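Let me begin by presenting the structure, written as structure tokens, before commenting on it.
Atoms considered below: every heavy atom in the structure, side chains included; atoms not considered: hydrogens, waters and symmetry mates. Just so you know, ligand 1 is whichever comes first in the structure, and atom 1 is the first atom listed for that ligand. Just so it is clear, the structure is predicted and the values come from calculations on it, not from any experiment.
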Amino acid sequence: MKSIAIDGPAGAGKSTLARQLAKELGFLYVDTGAIYRTVALAVLRAGIAPEDADKVTDILGTLQIRMDYGPDGEQRMFLDGEDVSQAIREHRVSGLASKVSAIPAVRDFLLDFQRRQAREHSVVMDGRDIGTVVLPQADVKIFLTAAAQARAQRRLLELQQRGQQAEYETILRDIIQRDDLDEHRPIAPLRRAEDAELLDTTHLNLEQSLEELLRMVKEKIDL
Ligand code: DC
């Protein structure tokens with residue numbers, strides 16, 4: 001099994017690029033943010049404050065989280081049997097996910113879940129701590145980033161395409177706030193692994209970014 005770890009802040013193009021890269025290589029794409037989002041949705045539905053680490057920790061054992069792939073090859077998330085793939089994309093879930101993902105018990109709970117995927121398949125896995133914590137032995141590690149303004153602009157477009165209302169200023173503020181939370185949490189903070197290669201997509205379009213990613217991968221893996 002081969003594994004490619006792609007980490008970086010929200011909106012750097014990770015999920016789109018990781019998905020395309022996986023398709024190109026015939027690997028499984030694992031969006032780990034979706035798994036954290038599913039826990040966040042469960043916390044929201046349980047009426048628990050995301051800062052209440054004790055209560056969040058208490059419900060973890062009761063959660064039925066499942067990940068599957070649809071006929072279109074897209075990763076789908078299930079919470080207690082319900083397909084929540086759409087619901088976890090809501091804006092309010094993003095902020096909640098950032099908060100619950102700072103709770104050590106949540107990270108521990110999801111660690112095995114994520115590692116199992118990489119044991120069973122060749123994967124392109126994206127997240128915040130894949131190269132540093134989840135798959136420290138990954139064959140390729142990439143830290144994908146872009147300026148916050150470029151990321152906010154992309155997120156705005158993405159939400160608009162989904163027909164959701166959004167404002168640039170709000171998104172930018174949220175992105176900066178989320179970066180701060182993700183980078184400064186004491187456990188598994190967002191940071192570039194020492195052996196990860198940096199790819200800054202601020203001035204690259206999707207096609208150019210994918211080309212660059214493929215080049216980086218081919219340097220490390222014989223395909
Ligand atoms: O990539 P995303 O926006 O879907 O991630 C949602 C939140 O989950 C994000 O704020 C940070 C957290 N996360 C994490 O802590 N570790 C991961 N491997 C993936 C996501």
Check the surroundings of atom CD in Glu167: do more than 12 heavy atoms from other residues, nucleotides or ligands lie under 6.0 Å from it? no
Glu51 atom CD, over 12 foreign heavy atoms within 6.0 Å: yes
Numbered in order shown, the ligand 1 atoms found under 4.0 Å of a heavy atom of Gly127 are 17 (C), 18 (N), 19 (C)
With a cut-off of 4.0 Å, which atoms of ligand 1 are near a heavy atom of Asp129? 16 (N), 17 (C), 18 (N)
What residue and heavy atom of the protein are closest to atom 7 (C) of ligand 1, and at what distance? Ala97 CB, 3.7 Å
With a heavy-atom distance limit of 4.0 Å, tell me whether Lys99 approaches ligand 1 through its side chain, its backbone, both, or neither. neither
Would you check if the side chain of Lys141 reaches a backbone N or O of Pro136 as a donor-acceptor pair within less than 3.5 Å? yes
Donor-acceptor contact present, side-chain Thr202 to main-chain Ala147, <3.5 Å: yes
Nearest neighbour in protein (non-hydrogen) for atom 16 (N) of ligand 1: Arg107 NH2, 3.0 Å
Mind checking whether Thr32 has an N or O less than 3.5 Å away from an N or O of ligand 1? yes
Do we see a donor-acceptor contact under 3.5 Å between the side chains of Arg154 and Thr201? yes
Identify the closest protein heavy atom to atom 1 (O) of ligand 1: which residue and atom is it, and at what distance? Arg128 NH1, 3.0 Å
Candidate pair Arg76 and Asp83, rule salt bridge (charged side-chain N to carboxylate O under 4.0 Å, His left out), full reasoning: CA-CA 7 Å; Arg76 308 210 69 83; Asp83 186 341; 2.7 Å; yes
What's the shortest distance from atom 12 (C) of ligand 1 to any protein heavy atom, and which residue and atom give it? Ser101 OG, 3.5 Å
If we only count N/O pairs under 3.5 Å, is Lys14 in contact with ligand 1? no
Atom 8 (O) of ligand 1: closest protein heavy atom, distance to 0.1 Å, is Tyr36 CB, 3.6 Å
In terms of atom number and element, which parts of ligand 1 are under 4.0 angstrom from non-hydrogen atoms of Ser98? 10 (O)
For Arg215, does the CZ atom sit with more than 12 other heavy atoms under 6.0 Å from it, leaving out its own atoms? yes
Residue part near ligand 1, for Asp182, under 4.0 Å between non-hydrogen atoms: side chain
Atom 4 (O) of ligand 1 has as its nearest protein heavy atom Arg37 NE, 2.6 Å
More than 12 foreign heavy atoms under 6.0 Å from CG of Asp72: is that the case here? yes
Please report whether ligand 1 has a polar contact with Ser94, defined as an N or O pair separated by less than 3.5 Å (distance criterion only). no
Nearest protein heavy atom to atom 10 (O) of ligand 1, by residue and atom, and its distance? Arg178 NH1, 3.0 Å
Neighbour count >12 (heavy atoms, 6.0 Å) for atom CD, Glu194: no
List the steps, then state whether side-chain contact (heavy atoms from CB on, under 4.5 Å) holds for Val39 with Leu41. CA-CA 5 Å; Val39 173; Leu41 184 67; over 6 Å; no
Mark up the atoms of ligand 1 that fall under 4.0 Å of a heavy atom belonging to Arg185, in ascending order. 14 (C), 15 (O)
